[in-house]
Amino acid sequence: MSQARFNAIDTILHRSEIDVDFIDTPSEKITNYFGCNVFNEKAMREYLPEEAYLSVKAAIQAGSKLSRDVADTVAEAMKNWAMDKGATHYAHWFQPLTGKTAEKHDSFFTIDPGTGDALEEFEGSALAQQEPDGSSFPGGGLRSTFEARGYTAWDPSSPAFILEVGEGKTLCIPTIFVTYSGESLDYKLPLLKSQTTLEKASIPVCQMFDKKVTRVITTLGWEQEYFLVDEALYATRPDLVMTGRTLIGKHSSKGQQLDDHYFGSIPERVYAYMRDLETECYKLGIPVRTRHNEVGPGQYELAPMFEECNVAVDHNQLLMDMMERVAKRHRLRVLLHEKPFAGVNGSGKHNNWSMSTNTGVNLLSPGKEPGKNLRFLTFFVNTIMAVSKHADILRASVANAGNDHRLGANEAPPAIVSVFIGESMTNILNAIEKGKTTKDDVKRVLDLLSKIPNLQLDNTDRNRTSPFAFTGNKFEIRMVGSSMNCAAPMTALNTMMATQLRQFATDVENVMKKDKDQDTAILTVLKKYIKASAHVCFEGDNYTAAWAKEAAKRGLSNLPTTPEALDAYVAKDAVKLFTDNGVFTEKELHAHHEVMLENYVLRLDIESSTLEELYLNYVLPSAVSYQTRLAENVAALKAAGVREATFQKEAIKRIGDNMKKINALAKKMTTEKAKAHKAKSSRAAAIAMCKKVKPLMEQIRVCCDDLELIVDDQEWSLAKYREIMFMK
Ligand code: ADP
Ligand code: MG
């Protein structure tokens, strides 16, 4: 009989209250320490000479390179600031295609080769560029053709920060990660390029309404869902440890059906975790604001104030890292996987996206004045149009093995990309589409538009089932997986929007050539777009089978699995879109596609191997042992002259049947895996894993879960769902 599970339960029951006493939540106001570990404006002003400070600011705004002199000055200032805070090392911090963050630490300390003196040093060259041995990061074949080396290069648009790990403090410099010849090996470079192309495309459109607009940034406010489980129970589950999700496990009788967890009171231990995490976030300048219980038992959510997209992406990556670190301090484990438990909601990340100008305008805010509403309407309709044309690319940008359990299964949101805009906006678009756009009608439409803010009030009706929803003053992409880097969908959306806005500017210009004034031209074009993109708008319940049918009729794709969904990245129109905008070269696109496919295959490989261990080392031994006890009981009864043992005999048979099935399925799985490994391409391997191996894993799971139901609880060695989800 396995003791591990019971020891774990015992550990939890005896976790002393002092366990959380070490948390040092400052009693000061948050504003006193917010951003104290960030080389922000305040630190720059304090540590940089005025002139250098101004050049850095100008370079960040213009996205231009800093001179070597200025870089040296900045490096010196950063070093002094960081050392004053107790940092001993610095690291280029980057976001390779693993989805995690990476860092390689070097000390400021060095020996002067001339004098032999010990000194602390950090030069501009070390700030600007580093050469981590990149050969172990996924590159999709990009490097092997050139050089194995990878380079990280400083991204001054995201502030450096100090990462505190225990007593260790490291100055982290946000960087991009590229090959020897400058091809991107990370999520950041394409994101930055997509922001540049979008800004360039949107300024002329903004200037149709306001000549003072000279800068446009994209904004991102993510919402992060996650599960927390006790570390003792976590440790008893090889599947959680190895894959981040449970590969087997009978549903507990109570899951989320009573809806009593959503927004419920936060358990004390979790509350302590949240506060500790929030403190870490504040120090790092991550403006977290909301926290609450999510739908699943043991599931929570956290969201910040939105920020400039690049910084928000960094902050989300940093947050995920901090979540894991802080959880360990609390004897908890955070599960960022998209689907840790079957039968209860998975976890997503909602990317709230908008654009705003140097004049302080949110381009997706309906505003109050009719003239400005036309600007709102322009960006609003163009976003819908962009998504309607490139829905498949958006879908591809959120494809991974974990997210298939959400998008591809009967869970929110679906794999069909549609746009929810709410009743009032639907009415307005309908009215515009039907109205004639003669000169007089412009006035009428503008009048109509002036009603948007009022209509908006009754439009709090948030369609929770939609993958892409307009929520008052921003669009919310709900398809993003909880473990993902936010950058990929942001890159896709920014890029498609850039192309769309350029098209819009041309279309408006062409109508104006026909002697129309600008407002009329804009409305004429928008009217055309509203019609052309109507098929992607859907206001109903996205979970229903009826929608899947309707969507098919409308010609919308439904790509439930990663290998299929990823095809869109390398389709002709994607190549054109990304290369036209200078976001990816065709080669980079293929390389990134390859990395995603490889990642999919590897993850399924790890999952199926872990499943094998589970049934061989845990499930079958428990089953055999209980079956033996039953058989002994039947024999004992027989010896005592009792013939009746129906339950025992049926249970013996049921156990036997399940074991027999597992055995047969396991053999098939081995064969199918071997075939997948021999596949000619990563795509073929991924499809084989998806279509052949994964279904077998599901079938094995069914047998294991049935055994869990029959076998004596005392004999079952793996922590059960009710324990993992509910015990804290
Ligand atoms: P809900 O859970 O209803 O979707 P939340 O209030 O939890 O809403 O999340 C809203 C998110 O949207 C927050 O992260 C917020 O910062 C973000 N947000 C608000 N305005 C903008 C904007 N203009 N651009 C990007 N994100 C925004
Ligand atoms: Mg949301």
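In this text, all values refer to a predicted model and were calculated from it rather than measured experimentally. In listed order, ligands and their atoms are each counted from 1.
Note: no N/O pair closer than 3.5 Å links H350 and ligand 1 by distance alone. Not a single N or O atom of T290, backbone or side chain, sits closer than 3.5 Å to an N or O atom of ligand 1. The shortest N/O to N/O separation between W353 and ligand 1 does not fall below 3.5 Å. Residue contacts with ligand 1: F306 is placed with a nitrogen or oxygen under 3.5 Å of a nitrogen or oxygen of the ligand (distance criterion only).
Across the listed options L220, N352, V288, L363, N352 owns the non-hydrogen atom lying nearest to atom 12 (O) of ligand 1. Of the candidates A303, P304, P287, the one placing a heavy atom closest to atom 15 (C) of ligand 1 is P304.
Listed by atom number, the atoms of ligand 1 under 4.0 Å from N362 heavy atoms are 23 (N). Taking a cut-off of under 4.0 Å to the non-hydrogen atoms of W222, the atoms of ligand 1 that pass are 14 (O). Counting atoms of ligand 1 from 1 in the listed order, those under 4.0 Å from a heavy atom of E476 are 4 (O). Listed by number with element, the atoms of ligand 1 under 4.0 Å from a non-hydrogen atom of M305 are 16 (O).
Considering only residues two or more places apart in sequence or on other chains, A391 meets the side chain to side chain contact (heavy atoms under 4.5 Å, CB included) condition with V417. T544 meets the side chain to side chain contact (heavy atoms under 4.5 Å, CB included) test with D541, A546, W547; sequence neighbours excluded.
Between R289 and E278 there is no salt bridge, since no side-chain nitrogen of the basic residue lies less than 4.0 Å from a carboxylate oxygen of the acidic one. Classification of K728 and E268 as a salt-bridged pair fails, no side-chain N sitting under 4.0 Å from a carboxylate O. For K283 and E164, the salt-bridge test passes: some basic side-chain N is under 4.0 Å from an acidic carboxylate O. In summary, R502 and D580 do not engage in a salt bridge, as defined by a charged side-chain N under 4.0 Å from a carboxylate O.
The backbone N or O of D276 sits nowhere less than 3.5 Å from a side-chain atom of R329 that would complete a donor-acceptor pair.
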